[in-house]
Visitor: 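Take a look at the following structure, please.
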2 protein chains.
Amino acid sequence: MIIMLSTKEKIFNSSIDLFSKYGYDGVSIRQIAEEVGIKESSIYNHYKSKESILDAILEFYINEMTNDEIPLSKAEENLDVDFDYFYNAGLELYMSKLKSPNMMKITRLILIESYHNEKICRFLKNEMIETPVNGWCQLFELMKAKKLIKEDCDSKQLAESFYYYGFFLIYQHFMIDYPEDDEEFLKKLGEKSKNQIRLIYNSVKAV
Amino acid sequence: MIIMLSTKEKIFNSSIDLFSKYGYDGVSIRQIAEEVGIKESSIYNHYKSKESILDAILEFYINEMTNDEIPLSKAEENLDVDFDYFYNAGLELYMSKLKSPNMMKITRLILIESYHNEKICRFLKNEMIETPVNGWCQLFELMKAKKLIKEDCDSKQLAESFYYYGFFLIYQHFMIDYPEDDEEFLKKLGEKSKNQIRLIYNSVKAV
DNA sequence: GTCTATACTTGGATAGAC
DNA sequence: GTCTATCCAAGTATAGAC
């Protein structure tokens, strides 16, 4: 199947590719135009400025990422049946969102640009750190209520111990090892996260 | 005590300050000159190019950070006397290196610039990730040999579980919460790391 | 919608007077 | 060692012909 992309879509995709490689400031309108195969002035027929391209990219990413969260009610039903169920479902959902090439590239772009783009920084802080940590925190609370883990342990600390480790793996892949194979990374992320959750669980499980 | 800084030192310090705030590309020679209180052409009497300023900053940081590593022999002596001893000594040393304002600022600069500066990326990968992880790995091996932790646990995994968590806290401080109070951060880093090491130890301690 | 041509700005760097 | 003056390159963006 051959998909014809509109010029606007080509600009969008090429910008994602270049921004994620060289950063926003590291890419010129001229470069994007060249990549697309048009002159730079033609870009302005589709986007009103360089910044508006970035905005469109971010909007796309945010929309993709903030859909269909996992309802906690579902966890409650399944937790005592099988802890792995909930854990795997969450990981799968997250990874399914991430695994398209564009989403992977934008993830790197977000990590690169967060230091001087307030909007990106806020998204990173809220949606990629605080919200997931709170989700894990609630899950540990639930486990506590179900007497799966000790009563006196700190859910917030457990959530951070788990999630920060995973976040580091993402950081490492996109900022240190980039551009290593994405597929292999996602596989490793799954395995390593599983080990980490086991380590933590082993430390606090009810006897 | 009043310390008179040479123009070269002023350029050095102002560059660290500006680069760490806005990134290398985000700062112009003109800005640095203005901050110092001279004209931009005068900069070139002290540094041959903008890039050579960055190089000087990195060299300074790398020299400060790669001195006096903790010898493992010292750990071996003290480990069964008091595990906390070794842990605290390591953390103290690390934090004492980091706590000058310039060192803190350069840390942020390194995190910001790693994605498109190969030299910085290599330093980050080797000296700020691999070397410390290997150090912790050896420590866990030692603990295993001393039967403090279970024989069948994976030292590398434990080292990563511990260190990646700490690295995230650093990343968070410098890239998300910046510029929050550095002193308070270092205190929090110490406490949280201690909790993390306890959590891990609790999971694998010999019975 | 794309092109050519061009305006305008900013940034790195150098020459030469003092 | 600092200044003024200037050069050159590169970047964003616009006007107007086709």
Side-chain angles (χ1 to χ4, degrees), chain A residues 2-60 105-106 109 112-113 115-120, chain B residues 2-60 105-106 109 112-113 115-120:
Chain A
I2 294 166
I3 299 171
M4 288 297 285
L5 294 178
S6 69
T7 302
K8 186 162 187 171
E9 287 169 320
K10 282 187 205 161
I11 295 169
F12 185 78
N13 288 328
S14 295
S15 297
I16 289 175
D17 191 60
L18 290 167
F19 287 162
S20 70
K21 276 185 192 145
Y22 310 116
Y24 178 76
D25 292 333
V27 176
S28 67
I29 290 283
R30 290 191 226 276
Q31 257 176 290
I32 297 169
E34 192 179 9
E35 187 78 13
V36 173
I38 54 176
K39 294 292 170 186
E40 70 244 39
S41 56
S42 300
I43 300 263
Y44 295 94
N45 272 306
H46 304 279
Y47 292 96
K48 95 174 208 303
S49 67
K50 187 185 174 189
E51 204 181 333
S52 73
I53 302 178
L54 181 61
D55 287 341
I57 292 170
L58 290 181
E59 201 187 340
F60 167 77
K105 288 174 189 169
I106 303 172
L109 176 57
I112 288 174
E113 296 298 327
Y115 83 95
H116 67 176
N117 182 310
E118 216 212 312
K119 190 178 171 187
I120 292 182
Chain B
I2 294 167
I3 299 170
M4 288 297 285
L5 294 178
S6 69
T7 302
K8 186 161 186 170
E9 288 169 319
K10 282 187 204 160
I11 295 169
F12 186 76
N13 288 329
S14 296
S15 297
I16 289 175
D17 191 59
L18 291 167
F19 287 163
S20 70
K21 276 185 192 145
Y22 311 115
Y24 178 76
D25 292 332
V27 176
S28 66
I29 290 283
R30 294 191 222 276
Q31 255 177 290
I32 297 169
E34 190 179 9
E35 186 79 12
V36 173
I38 55 176
K39 293 292 171 188
E40 69 243 41
S41 57
S42 300
I43 301 263
Y44 295 94
N45 273 308
H46 305 279
Y47 292 95
K48 95 174 210 304
S49 65
K50 186 185 174 189
E51 202 181 336
S52 74
I53 302 177
L54 180 62
D55 286 342
I57 292 170
L58 289 181
E59 201 187 339
F60 167 77
K105 286 173 190 169
I106 303 172
L109 176 57
I112 288 174
E113 295 298 327
Y115 84 94
H116 66 177
N117 181 311
E118 215 211 313
K119 191 179 173 187
I120 292 182

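Sequence lines set the chain letters: A, B, ... in the order given, protein chains first and strands last, and positions in each chain run from 1. When reading the values below, keep in mind they use all heavy atoms of this one structure, side chains included, and skip hydrogens, waters and symmetry mates.
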Visitor: Rounding to a whole Å, what distance do you find between I32(B):CD1 and dG12(C):P?
Guide: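 In whole Å, dG12(C) P lies 8 Å from I32(B) CD1.
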Visitor: If you check the S49(A) side chain, which of dA13(C), dA13(D), dG1(C) turns out closest?
Guide: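 Nearest to the side-chain atoms of S49(A), counting from C-beta on, is dA13(D).
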Visitor: Taking atom C1' of dG12(C) as reference, at what distance in whole Å does atom CG of L54(B) sit?
Guide: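 Rounded to the whole Å, the gap is 15 Å.
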Visitor: Check the distance between dG12(C)'s P and K48(B)'s NZ and give it to me in whole angstrom.
Guide: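 After rounding, the gap between these two atoms is 14 Å.
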Visitor: Is there a donor-acceptor pair closer than 3.5 Å between any side-chain N or O of K50(B) and the backbone N or O of V27(B)?
Guide: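 It does hold such a pair.
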Visitor: Respond yes when some side-chain nitrogen or oxygen of S42(A) is under 4.0 Å from OP1 or OP2 of dC3(C), and no when none is.
Guide: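 Yes, such a contact exists.
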Visitor: Round to the nearest Å and state the distance from E40(B) atom CD to dA13(C) atom P.
Guide: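 Taking CD of E40(B) and P of dA13(C), I get 11 Å after rounding.
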Visitor: If you round to the nearest 0.5 Å, how far is CD1 of I32(A) from CG of D17(A)?
Guide: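 Interatomic distance, D17(A) CG to I32(A) CD1, rounded to 0.5 Å: 10.5 Å.
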Visitor: What's the OH-P distance between Y44(A) and dC3(C), to the nearest Å?
Guide: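 Checked: the OH to P distance equals 14 Å.
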Visitor: Pick base, sugar-phosphate or nothing for V36(B), based on heavy-atom distances below 4.0 Å to the nucleic acid.
Guide: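 No contact.
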Visitor: Is the backbone of Y24(A) close enough, under 3.5 Å, to the side chain of E113(A) for a donor and an acceptor to pair up by distance?
Guide: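 Yes: the side chain of E113(A) pairs with the backbone of Y24(A).
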Visitor: When all nucleic acid strands are considered with a 4.0 Å heavy-atom cut-off, which category describes S28(B): base, sugar-phosphate, or nothing?
Guide: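 The answer is sugar-phosphate, as S28(B) gets under 4.0 Å only of primed atoms, P, OP1 or OP2.
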Visitor: May I have the distance from I53(A) (atom CD1) to dG11(D) (atom C1'), rounded to whole angstrom?
Guide: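 That distance rounds to 14 Å.
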Visitor: How many whole angstroms separate atom NZ of K8(B) from atom C1' of dG1(D)?
Guide: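 Going from NZ in K8(B) over to C1' in dG1(D) covers 13 Å.
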Visitor: Is there, by distance only and without an angle test, a donor paired with an acceptor across the side chain of S41(B) and the base of dT4(D) below 3.5 Å?
Guide: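 For S41(B), whose side chain was compared with the base of dT4(D), there is a donor-acceptor pair (under 3.5 Å).
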Visitor: How close do Y47(B) and S52(B) get, heavy atom to heavy atom, and via which atoms?
Guide: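 That closest heavy-atom pairing would be CB-OG, 3.4 Å.
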Visitor: Do I57(A) and S15(A) come within less than 4.5 Å of each other through their side chains, counting heavy atoms only?
Guide: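 I57(A) reaches S15(A) side chain to side chain.
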Visitor: At under 4.0 Å, does any side-chain N or O of K39(B) touch on OP1 or OP2 of dC3(D)?
Guide: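 Checking K39(B) against dC3(D): no side-chain N or O falls below 4.0 Å of OP1 or OP2.
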Visitor: Report the residue (K50(A) or H46(B)) whose heavy-atom-nearest nucleotide on DNA chain D is the more 5′ of the two.
Guide: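 Looking at DNA chain D, the more 5' nearest nucleotide goes with H46(B).
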Visitor: What is the distance, rounded to the nearest whole Å, between atom CD1 of I29(B) and atom P of dC3(D)?
Guide: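 So the CD1-P distance, I29(B) to dC3(D), works out to 14 Å.
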